[in-house]
**Student:** 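My questions will all concern the structure given below.
Values in this document were obtained by computation on a predicted structure and should not be read as measured data.
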Amino acid sequence: MPSPDAKITLTTVDPKSLKAHPRYLKIYGQMNIEELVEQIQLSNWINPILITPKQVIISGHRRWQAALQLNWDSIPVEIRAFPNRLSELEALLSENLARPKTREQKVREANSWKEVESARAKQRQEAGLKIDEPDNLMEIFSEGRKGTTRDLVAAKVGIGSGVTYTKATKVVAQIDTETKAGNEEWADAWRSILNTVSIQAAYSLLKLPRKQQKQILDLIATGAARTPKEAALLLAEEASLDDPRLFVPGDLAQVNIDPNLTFVPSDLRWNGYWGRVEDSRTQGLIVLNLGSEMLQFYSRDLVEIDEPSDELLQVASKVLRLRSLDLDELEVALLDVLQQRLEFTPRQLLHLEYLEKVLTLPQLPGT
């Protein structure tokens with residue numbers, strides 16, 4: 001809402017004389033206005049556009065673009081004088097609060113709200129006012145909620161927590177980096193992940209090595225995959241098909257998943273454990289018996305145990321069988337230790353023998 005003493009003038013101007021607010025384009029970018037053009041063409045009327053005395057649009061960019069497309073030579077405007085650029089930015093953000101936005105737009109909007117509040121806080125400090133004065137912008141729009149500035153701006157634009165907002169800002173920064181480097185297809189791929197999949201999916205991709213990022217982004221940019229997970233699965237499958245290692249039922253293999261490839265569905269908690277290959281007929285996939293469950297792994301995620309010793313084969317047979325029984329925490333812990341080793345101490349073997357006797361003792365009547 002304008003202040004009571006704000007100078008406001010209602011008039012009409014040639015839309016060609018107006019200029020888009022530079023922050024609007026940075027936050028919201030180019031918008032699809034086809035439907036709006038049709039609506040305005042049918043009604044032959046638009047709401048007044050809010051502008052500054054210097055012909056800069058504060059609110060009504062889409063209406064302005066529609067008027068230009070319709071070749072109108074006159075549109076209604078409301079000219080409002082703002083005391084400074086910060087007030088202009090605050091008005092622009094306030095006027096666009098209710099509009100539908102992508103996650104990227106919400107992040108860019110939150111960045112601008114954060115800028116407004118930082119400037120306001122500095123002004124209050126210079127004026128010797130307390131930070132919690134009633135005119136504190138963040139206190140007003142947080143509706144009594146407490147938290148850091150990032151938490152409050154995140155809530156303001158509907159992103160969620162401050163932590164989620166921080167993750168999203170890093171993804172948006174990457175979009176800008178790709179755009180600046182001329183990698184428009186990758187920038188669009190990042191944008192697609194952020195806006196149509198999730199902030200976490202985009203942030204997880206950001207943590208991968210650049211080589212893997214590029215492979216995944218290429219698949220999404222070409223339409224071969226929609227999400228990073230789908231892309232990672234395709235890459236893992238291709239790597240498995242090219243993998244010269246062959247596994248046959250009965251082989252012992254150790255799980256060795258690359259922790260950087262976070263989108264692979266194989267259960268990372270089994271990393272370092274060995275199991276017995278049960279099936280390798282499915283192209284590129286190996287079914288591994290881990291005792292308590294059967295899981296599918298790509299061959300690239302497994303390391304074959306060459307020429308296992310007789311002792312290892314005997315221990316493996318016992319451990320995998322015992323894993324299928326109802327175990328308590330101590331029993332599981334012992335088997336965890338054994339299932340991550342290829343050689344064993346005499347004491348470990350004695351513990352295994354004792355555990356085997358306890359777990360396989362016949363139940364007495366009435367117990």
Side-chain angles (χ1 to χ4, degrees), residues 23-24 26-29 31 86 89-125 130-179 186-209 212-213 216-217 220 226-232 259-265 268-269:
R23 191 59 67 89
Y24 176 90
K26 184 176 180 180
I27 296 174
Y28 305 109
M31 303 292 292
L86 187 65
L89 176 57
E90 188 175 343
L92 183 146
L93 295 171
S94 298
E95 292 288 344
N96 285 280
L97 274 178
R99 68 181 295 167
K101 307 178 191 80
T102 65
R103 291 191 183 103
E104 179 189 1
Q105 290 169 343
K106 289 179 179 180
V107 172
R108 296 188 187 278
E109 202 175 60
N111 290 343
S112 293
W113 276 120
K114 191 175 179 181
E115 179 183 334
V116 168
E117 171 54 19
S118 297
R120 294 291 189 217
K122 185 177 180 180
Q123 290 173 358
R124 289 191 296 274
Q125 283 183 334
K130 294 181 179 180
I131 297 301
D132 58 354
E133 285 287 315
D135 63 344
N136 183 337
L137 174 66
M138 304 310 297
E139 286 294 330
I140 293 171
F141 69 56
S142 66
E143 296 178 356
R145 289 187 292 269
K146 299 297 181 181
T148 63
T149 298
R150 71 172 189 174
D151 292 321
L152 296 172
V153 297
K156 174 67 173 176
V157 301
I159 289 179
S161 69
V163 173
T164 301
Y165 164 59
T166 299
K167 291 179 179 179
T169 57
K170 293 180 179 179
V171 177
V172 170
Q174 185 63 33
I175 292 174
D176 291 341
T177 297
E178 303 286 13
T179 301
W186 286 350
D188 287 340
W190 281 110
R191 188 173 285 114
S192 174
I193 297 166
L194 176 64
N195 291 333
T196 67
V197 184
S198 69
I199 291 173
Q200 184 58 46
Y203 180 71
S204 295
L205 177 59
L206 195 60
K207 294 190 296 181
L208 293 184
Q212 291 178 342
Q213 282 184 18
I216 290 174
L217 291 171
I220 292 176
R226 190 185 68 85
T227 68
K229 182 175 181 179
E230 289 178 6
N260 288 317
L261 196 53
T262 57
F263 299 105
V264 173
L268 284 167
R269 71 187 178 87

**Student:** Please name the pair of heavy atoms, one in Tyr165 and one in Val107, separated by the smallest distance, quoted to 0.1 Å.
**Tutor:** CE1-O, 4.1 Å
**Student:** Within this structure, what is the OG-CD distance for the pair Ser112 and Glu90, rounded to the nearest 0.5 Å?
**Tutor:** 11.5 Å
**Student:** Show the nearest heavy-atom pair for residues Ala187 and Thr179, with the distance to one decimal.
**Tutor:** CB-OG1, 3.5 Å
**Student:** If you compare all heavy atoms of Gly160 against all heavy atoms of Ala154, which two are closest, and at what distance to 0.1 Å?
**Tutor:** O-CB, 3.4 Å
**Student:** Using a 4.5 Å cut-off on heavy atoms from C-beta on, say whether the side chain of Gln174 contacts that of Trp186.
**Tutor:** no
**Student:** What I want to find out is whether Glu109 reaches Arg99 closely enough, with some N-O distance under 4.0 Å, to be called a salt bridge.
**Tutor:** no
**Student:** Determine the minimum heavy-atom distance between Gln105 and Pro100, stating which atoms define it.
**Tutor:** OE1-O, 4.2 Å
**Student:** Could you tell me whether the side chain of Leu97 reaches within less than 4.5 Å of the side chain of Lys156, counting heavy atoms only?
**Tutor:** yes
**Student:** When rounded to the nearest 0.5 angstrom, what distance separates CD in Glu115 from OG1 in Thr149?
**Tutor:** 13.5 Å
**Student:** Do any N or O atoms from the side chain of Thr177 and from the backbone of Ala173 form a donor-acceptor pair under 3.5 angstrom?
**Tutor:** yes
**Student:** Would you give the length of the straight line joining atom CZ of Arg226 to atom CD1 of Ile193, rounded to the nearest 0.5 angstrom?
**Tutor:** 10.5 Å
**Student:** Assess whether side chain to side chain contact (heavy atoms under 4.5 Å, CB included) is satisfied between Tyr24 and Glu95, documenting all intermediate values.
**Tutor:** CA-CA 11 Å; Tyr24 176 90; Glu95 292 288 344; over 6 Å; no
**Student:** What heavy-atom pair brings Val157 and Lys106 nearest, and what distance separates the two atoms?
**Tutor:** O-CD, 3.4 Å
**Student:** Among Val163, Thr169, Val171, exactly one meets side-chain contact (heavy atoms from CB on, under 4.5 Å) together with Lys167. Which residue is that?
**Tutor:** Val163
**Student:** Kindly indicate, with the supporting measurements, whether the criterion side chain to side chain contact (heavy atoms under 4.5 Å, CB included) is fulfilled by Leu205 and Trp190.
**Tutor:** CA-CA 9 Å; Leu205 177 59; Trp190 281 110; 3.7 Å; yes
**Student:** Just verifying a value: how many Å separate Arg120 CZ and Leu86 CG, rounded to the nearest 0.5 Å?
**Tutor:** 4.0 Å
**Student:** Kindly give the heavy-atom pair with the smallest separation between Ile220 and Pro228, and that separation in Å.
**Tutor:** CD1-N, 3.9 Å
**Student:** Leu206 versus Lys170: any side-chain heavy-atom pair under 4.5 Å?
**Tutor:** yes
**Student:** Does the distance from a Lys or Arg side-chain N to an Asp or Glu carboxylate O, for Asp176 and Arg108, drop under 4.0 Å?
**Tutor:** yes
**Student:** Evaluate the side-chain proximity of Thr102 to Leu194: yes if any heavy-atom separation is below 4.5 Å, no if none is.
**Tutor:** no
**Student:** Rounded to the nearest 0.5 Å, what's the gap from CD1 on Ile199 to CZ on Arg103? Could you check?
**Tutor:** 6.0 Å
